[in-house]
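A short write-up of the structure that comes next.
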Amino acid sequence: MGSFAKKVRRNQIAGPNRMNFDRERWLSELDNILIDDEDKRVIETGLYIDELLDSIRKMIKVSEVKIKPSVIKRLLVGIVSYNLVSIFTHKDLFDVKQSEDKTIKVPVLMQQKIKTILGESFAPDELITGMGDGLKFIIRELIKLPELDSYASENSIKTDDLKIIINELNYAMLYQIAVELWNDTIGNGFWISRGKDRLSHVAFDKNREVARIASIYRREKNLLENTMGFVEVWFNKLTRSQKEMFCQFPLAENIYLCDYISKIDLGMSKKVLDDAIFGINDKLTLETEYYKLLLNDQLPNFYNLTLIQLIDGWRLLHSIARLLFKELSRISNKEYLLPADIIKFAPKISFRILCATFVKALRIDCETAEKIIQTLTYTGDYSQEIWTQPLIECDGDYLIVLPCIHTVKFYRIVEGWMRQGGLSLDRRGPEFEQFCIDDLKDSLKGSKIESDVVILGPSIKFRPKGDREEEIDIVLIIAGTVLLVELKCILWPDDSLQFANYHDTIENAVQQIVRKRDSVKRNFDSFVRNINEYGVTIANDSNVICCVLTNSAIYSGFPIEGTPIVDTKILGRYFLNEHVIYDIRKKGKSIKRKTISFYDDSISASVLLENYLLYPPQVKSISDYVVSRSVEMPLEHETYGKLVHETFSVEIDLDTIIKKESMYNGEIGAEYSS
């Protein structure tokens with residue numbers, strides 16, 4: 001990356017999405033002989049996007065609308081809630097073609113798409129994300145505006161006023177799209193190339209973008225499979241008392257709804273428990289992964305609340321949102337909506353009722369309940385997202401932004417709180433090291449090579465004579481192979497710039513572990529003596545290899561400069577010596593399963609380890625199905641016409657897998673039935 005591009009990415013030079021963007025300076029930089037090709041791509045793309053953003057800014061008139069800001073807030077929340085209900089009642093959504101035995105196909109569920117008016121196909125998550133992100137911009141502006149008595153109130157809103165508000169939301173979403181295109185430029189290496197009648201926004205490093213898309217898909221697939229497994233256990237194996245134990249506290253069982261949520265009943269009925277399974281699964285998963293040692297840490301920026309307090313508060317709020325979604329679904333079948341109809345999709349809830357519900361359900365005092373509510377309320381601060389703060393204060397009451405709590409990736413929410421709350425990430429390192437060691441040892445139990453594997457760590461000191469001292473996070477020994485592991489625990493990237501920083505961190509980790517591996521090879525006799533101090537003997541002709549082990553699926557399975565990048569699921573699976581091609585289940589039992597093994601014994605495991613880490617089959621089975629995807633943006637350049645975002649998506653072809661694996665005439669997936 002050139003010097004100019006680096007300064008832009010580090011916010012040392014304002015980009016087109018910032019108010020102090022200097023267009024004349026950027027134009028003059030094109031004549032600078034010191035800039036490189038990447039600098040030029042960034043500059044040219046920045047100039048194009050500046051024109052797009054400027055045209056959208058001229059369309060946004062929210063500050064000029066003669067409607068009270070509190071009313072506009074409520075209309076906006078009503079619009080996005082109505083859109084959410086419409087998305088999930090879409091006639092084609094989740095209409096999975098099932099066999100007679102109702103086998104669920106995970107890839108089919110993950111690839112559901114909805115067509116927009118423009119003919120483009122988007123996943124429901126993409127449409128919902130667009131609404132939430134667009135809403136953030138416009139609410140931030142509304143918070144700054146005064147409540148003038150001369151402005152229109154709820155009772156005087158007309159249909160034309162509603163159309164204006166819808167347009168303002170659309171402009172905010174357009175603005176967010178343009179900003180994300182820019183973030184992709186400086187974060188993920190995209191640039192705008194000029195064609196005859198279009199501008200194409202394309203990834204310069206296509207391999208890196210394929211790795212990003214495939215690894216995101218893998219993480220979502222892992223989470224979905226984990227959830228489906230928990231659903232299977234929940235409905236087929238757990239007793240009522242066990243479900244109550246996992247739920248821990250009563251959730252919203254009934255809401256009394258008109259323009260206000262006037263009352264909330266709490267309980268643990270069968271319906272409440274079954275509706276709570278996703279939130280319970282998320283919490284249990286967090287408690288079994290490396291997060292578990294952080295759940296009771298205080299968050300200094302959030303009134304010293306803990307993650308577990310926020311998680312419990314979120315689960316309670318989520319239960320209210322689920323009931324609200326069901327109620328709104330019953331009144332969403334009108335083709336023509338009046339402003340009064342939209343208002344119904346944004347019922348207010350008073351602080352008194354909300355606080356009392358938190359106090360009663362979570363068995364906490366009023367002060368703690370108030371802190372949780374305030375932490376979950378969007379104030380327009382630039383560090384906030386409506387995903388992590390889904391409550392909006394409205395004229396003394398609160399609105400629940402349904403799309404930003406009813407359907408979320410909960411890991412992202414928790415990591416967002418950690419980032420916003422000021423949790424010290426420095427202390428995650430030692431805990432992550434210990435978690436990885438414990439996780440690998442658990443995977444090793446019962447393995448056919450258990451007796452021939454040694455796991456040393458955390459932080460093995462290596463002190464070669466005449467060379468720099470090194471610290472190796474984990475040393476793993478399988479027969480004649482020594483694996484040196486560099487651990488990196490990084491917050492889940494949630495936007496383009498965070499993805500870029502994540503990739504930079506992984507690249508730095510690669511440089512570190514390669515340096516340590518080379519030092520071990522140069523000073524192998526000294527390394528052997530060091531390891532002997534732990535009571536372990538290494539063969540003099542051992543093969544020394546290395547990898548970077550991360551806490552996330554992002555970029556895992558895609559080597560950087562010949563060094564494997566893996567997560568615990570990839571490395572631990574090697575000890576289990578099994579990759580599941582498919583697993584067909586019925587009523588909680590596996591009825592047809594196909595797997596492959598990686599090795600026959602410890603010797604072959606030693607020889608094949610490096611190749612496995614470089615090309616893990618879990619990742620290859622996804623990356624083989626990454627395809628190009630062109631999305632025509634609802635943005636147009638005055639001179640060059642339409643703008644097309646050239647990206648990628650994962651399209652698993654089940655028929656090809658079935659044919660390739662010589663499967664019987666069944667389905668890939670699993671049945672889950674209550």
Side-chain angles (χ1 to χ4, degrees), residues 1-58 175 177-212 493 495-512 514-515 555 558-563 628 630 633 635-648:
M1 178 177 280
S3 60
F4 185 86
K6 286 180 181 177
K7 289 179 181 179
V8 174
R9 187 168 138 192
R10 295 168 182 166
N11 284 327
Q12 295 170 347
I13 297 176
N17 59 323
R18 293 173 62 187
M19 294 301 294
N20 54 340
F21 175 70
D22 187 344
R23 184 175 178 85
E24 295 304 317
R25 178 186 174 181
W26 281 56
L27 284 167
S28 66
E29 285 291 341
L30 287 174
D31 298 324
N32 187 342
I33 61 173
L34 297 179
I35 65 170
D36 64 9
D37 289 341
E38 186 165 4
D39 283 334
K40 186 176 181 181
R41 290 195 298 270
V42 166
I43 292 169
E44 290 180 343
T45 301
L47 292 170
Y48 286 132
I49 290 180
D50 174 56
E51 293 179 24
L52 291 173
L53 289 172
D54 186 58
S55 64
I56 298 170
R57 289 188 192 106
K58 291 175 180 176
Y175 191 86
I177 289 170
V179 169
E180 283 305 307
L181 292 176
W182 171 243
N183 288 337
D184 268 337
T185 299
I186 55 176
N188 294 319
F190 276 74
W191 65 298
I192 287 182
S193 64
R194 191 172 63 196
K196 182 179 179 181
D197 59 350
R198 68 169 60 188
L199 295 173
S200 296
H201 192 245
V202 299
F204 186 75
D205 186 345
K206 289 184 171 55
N207 290 332
R208 175 169 162 177
E209 185 63 9
V210 165
R212 190 175 74 94
D495 59 33
S496 298
L497 295 180
Q498 290 169 15
F499 271 102
N501 293 334
Y502 188 103
H503 195 273
D504 287 349
T505 302
I506 298 298
E507 285 183 327
N508 290 335
V510 166
Q511 294 174 9
Q512 292 171 7
V514 168
R515 185 194 70 230
Y555 299 121
F558 294 90
I560 293 178
E561 297 179 3
T563 299
S628 298
S630 296
M633 295 288 123
L635 301 165
E636 196 159 303
H637 191 276
E638 186 177 355
T639 305
Y640 303 109
K642 61 185 178 183
L643 174 62
V644 178
H645 181 58
E646 303 287 353
T647 182
F648 300 93

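All values reported here derive from a predicted model rather than from experimental measurement. The figures here come from the full heavy-atom set of this structure, side chains too, leaving out hydrogens, waters and symmetry mates. The first residue of the sequence shown is numbered 1, and numbering continues consecutively from there.
Listed by chain and number, the residues in a salt bridge (charged side-chain N to carboxylate O under 4.0 Å, His left out) with Asp205 amount to none (sequence neighbours excluded). In terms of the salt bridge (charged side-chain N to carboxylate O under 4.0 Å, His left out) criterion, Glu180 has no residue partners (sequence neighbours excluded).
Taking CZ of Arg10 as the reference point, atom CG of Asn501 lies at 10.0 Å (rounded to 0.5 Å). Atoms CG and CD, from Leu34 and Glu29 in turn, are 9.0 Å apart once rounded to the nearest 0.5 Å. Summarising the geometry, atom CG belonging to Leu643 is positioned 6.0 Å from atom CG belonging to Leu181; distances are rounded to the nearest 0.5 Å. We find the CG-CG distance between Leu52 and Asn17 to be 12.5 Å, quoted to the nearest 0.5 Å. The distance from the CD1 atom of Ile13 to the CZ atom of Arg25 is 4.0 Å, given to the nearest 0.5 Å. Distance check, rounded to the nearest 0.5 Å: CZ of Arg18 to CH2 of Trp182 gives 11.0 Å.
Of the possible donor and acceptor atoms, one in the side chain of Asp39 sits under 3.5 Å from a partner among the backbone N and O of Phe4. Of the possible polar contacts, one joining the Asp36 side chain to the Glu38 backbone as a donor-acceptor pair under 3.5 Å is found.
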Please set out all donor-acceptor pairs under 3.5 angstrom arising from side-chain atoms of residues 40-50, sequence neighbours excluded.
residue	atom	partner	partner atom	Å
Thr45	OG1	Arg41	O	2.8
Thr45	OG1	Ile192	N	2.9
Tyr48	OH	Arg194	NH1	3.3
Asp50	OD2	Arg23	NH1	2.9

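In terms of heavy-atom proximity, Ala500 sits nearest to Gly187 at CB-O, 3.0 Å. Scanning all heavy atoms of the two residues, the minimum distance from Arg57 to Tyr175 falls at NH2-OH, 3.3 Å. Taking both residues in full, the closest heavy atoms of Phe21 and Pro16 are given as CD1-N, 3.4 Å, listed atom of the first, atom of the second, then distance. Between Asn20 and Ala14, the shortest heavy-atom distance links the atoms OD1-CB, 3.2 Å. Considering all non-hydrogen atoms of both residues, Gln498 and Asp495 come closest at N-OD1, 2.8 Å. Looking at every heavy atom in both residues, Tyr555 comes nearest to Ala211 through CD2-CB, 4.1 Å.
The environment of CG in Asp197 is crowded: more than 12 heavy-atom neighbours from other residues, nucleotides or ligands sit within 6.0 Å. Within 6.0 Å of CD in Glu561 there are 12 or fewer heavy atoms belonging to other residues, nucleotides or ligands.
A salt bridge links Glu209 with Arg212: the distance from a Lys NZ or Arg NE/NH1/NH2 to an Asp or Glu carboxylate oxygen falls below 4.0 Å.
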Any chance you could lay out the side chain to side chain donor-acceptor pair (under 3.5 Å) test for His201 and Thr647, step after step, and finish with the verdict?
CA-CA 8 Å; His201 192 245; Thr647 182; over 6 Å; no

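When side chains are defined from C-beta on, His503 counts as touching Ile560, because their heavy atoms get closer than 4.5 Å.
Aromatic ring pairs are classed by plane angle as parallel below 30°, tilted from 30° to 60° and perpendicular above 60°; the pair Trp191 and Phe204 is perpendicular.
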